[in-house]
*Asks:* 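There's a structure below that I have some questions on.
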Amino acid sequence: MPRTHLAVAGTSIDCDDPVQLAHFYLALLGGELLWENSESVGIRTQSGLNIVAQKVANYVPPVWPSTSIVHFDMDAGGDLAGSVAYAVECGAREIAEQPDPRWRVLLDPAGHPFCITTEVYDG
């Protein structure tokens, strides 16, 4: 049987409060609300990424940097300090120990790490 190509439909993020987490990413990245209920909230960012915040019973936030974690890398568009400040205004927390001056590591409201950088991937 021939294999078909798959496409990423979205990224699901576990949390205890899907409404809070989805609205954080909506404020941070812009876009549109796809749906919202007590168990999950879906958004589509301006760049076309679908993010689903999903409620998980007994949710425990990841531990960074010791746990293997998939995380978002976000382009600061040349203004690292301003982008970090905006993320904090949206509800992010900046971690105390930063591993690289070209990147800033922050935590979303559910404790997931994400990075902001001016180092854009050029393929």
Side-chain angles (χ1 to χ4, degrees):
M1 168 184 254
R3 289 194 168 265
T4 60
H5 294 297
L6 297 174
V8 175
T11 301
S12 295
I13 305 176
D14 296 346
C15 62
D16 62 354
D17 187 342
V19 173
Q20 178 194 35
L21 188 60
H23 285 273
F24 164 76
Y25 280 110
L26 197 55
L28 185 65
L29 302 173
E32 64 180 311
L33 181 68
L34 299 176
W35 76 85
E36 181 175 319
N37 62 54
S38 63
E39 297 301 311
S40 67
V41 180
I43 67 167
R44 178 171 296 125
T45 68
Q46 287 181 352
S47 64
L49 174 65
N50 294 331
I51 299 174
V52 178
Q54 60 185 14
K55 186 174 186 75
V56 172
N58 304 315
Y59 172 73
V60 177
V63 176
W64 188 89
S66 64
T67 303
S68 178
I69 298 171
V70 174
H71 65 270
F72 294 118
D73 290 338
M74 299 182 190
D75 179 5
D79 182 10
L80 185 57
S83 296
V84 168
Y86 180 70
V88 170
E89 283 179 34
C90 290
R93 298 180 323 258
E94 195 170 358
I95 67 164
E97 186 177 327
Q98 294 290 331
D100 186 325
R102 300 170 299 166
W103 297 78
R104 302 304 295 169
V105 180
L106 296 97
L107 302 177
D108 70 19
H112 301 104
F114 65 95
C115 298
I116 300 177
T117 186
T118 56
E119 302 289 317
V120 180
Y121 302 125
D122 289 329

*Asks:* Under 4.5 Å between any side-chain heavy atoms of F72 and L28, yes or no?
*Replies:* no
*Asks:* Quick one: closest heavy-atom pair of C90 and F24, and the distance?
*Replies:* O-CD1, 3.2 Å
*Asks:* Supply the atom-to-atom distance I116 CD1 to S83 OG, rounded to the nearest 0.5 angstrom.
*Replies:* 6.0 Å
*Asks:* Group every Ile, Leu, Val, Met, Phe, Trp and Tyr by side-chain heavy-atom contacts under 4.5 Å, then state whether V52 and L33 land in the same group.
*Replies:* no
*Asks:* Can you tell me how far the CD atom of Q46 sits from the CG atom of L26, to the nearest 0.5 Å?
*Replies:*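 Between atom CD of Q46 and atom CG of L26 there are 9.0 Å.
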*Asks:* List the residues meeting salt bridge (charged side-chain N to carboxylate O under 4.0 Å, His left out) with E94, not counting sequence neighbours, and say none if there are none.
*Replies:*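 Salt bridge (charged side-chain N to carboxylate O under 4.0 Å, His left out) check on E94 returns R104.
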*Asks:* Do Y59 and I13 sit in one hydrophobic cluster, given that two such residues count as connected whenever their side-chain heavy atoms are within less than 4.5 Å of each other, even indirectly?
*Replies:* no
*Asks:* What heavy-atom pair brings P113 and W64 nearest, and what distance separates the two atoms?
*Replies:*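 Looking at all heavy atoms of both residues, the closest pair is CG-CD1, 3.7 Å.
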*Asks:* Would you say T118's side chain and A76's backbone share a donor-acceptor pair under 3.5 angstrom?
*Replies:*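 Looks like no, no N/O pair under 3.5 Å.
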*Asks:* Between V19 and L21, is there shared hydrophobic-cluster membership here, with clusters defined by ILVMFWY side-chain heavy atoms closer than 4.5 Å?
*Replies:* yes
*Asks:* Quick one: does V105's side chain get under 4.5 Å of H71's, heavy atoms only?
*Replies:* no
*Asks:* Measure up the Y25 and F114 rings against each other and bin them: parallel (under 30°), tilted (30 to 60°), perpendicular (over 60°).
*Replies:* perpendicular
*Asks:* Between I43 and L29, does a side-chain contact (heavy atoms from CB on, under 4.5 Å) hold up when you go through it step by step?
*Replies:* CA-CA 10 Å; I43 67 167; L29 302 173; 5.8 Å; no
*Asks:* Calculate, to the nearest 0.5 Å, the distance between atoms CZ and CG belonging to R102 and L80 respectively.
*Replies:* 11.5 Å
*Asks:* Please list, chain by chain and in numerical order, all residues satisfying salt bridge (charged side-chain N to carboxylate O under 4.0 Å, His left out) with R93, sequence neighbours excluded.
*Replies:*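 Salt bridge (charged side-chain N to carboxylate O under 4.0 Å, His left out) check on R93 returns nothing, list empty.
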*Asks:* Between Q54 and P18 (side chain of the first, backbone of the second, donor and acceptor by atom type, cut-off under 3.5 Å), is there such a pair?
*Replies:*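 No, Q54 side chain to P18 backbone: no donor-acceptor pair under 3.5 Å.
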*Asks:* Are any non-hydrogen side-chain atoms of L49 and T11 less than 4.5 angstrom apart?
*Replies:* yes
*Asks:* For P61 versus A110, what's the shortest heavy-atom pair and its separation?
*Replies:*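 That would be CB-O, 3.5 Å.
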*Asks:* Hey, could you give me the CG/OG1 distance between N50 and T45, rounded to the nearest 0.5 Å?
*Replies:* 7.5 Å
*Asks:* Check Y86 against A27 and note the closest heavy-atom contact, atom names and distance.
*Replies:*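 Result for this residue pair: OH-O, 2.7 Å.
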*Asks:* Quick one: are S38 and K55 in side-chain contact, heavy atoms under 4.5 Å?
*Replies:*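 No. Closest side-chain heavy atoms not under 4.5 Å.
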*Asks:* Treating Ile, Leu, Val, Met, Phe, Trp and Tyr as nodes and any side-chain heavy-atom pair under 4.5 angstrom as an edge, say whether L106 and M74 lie in one connected cluster.
*Replies:* yes
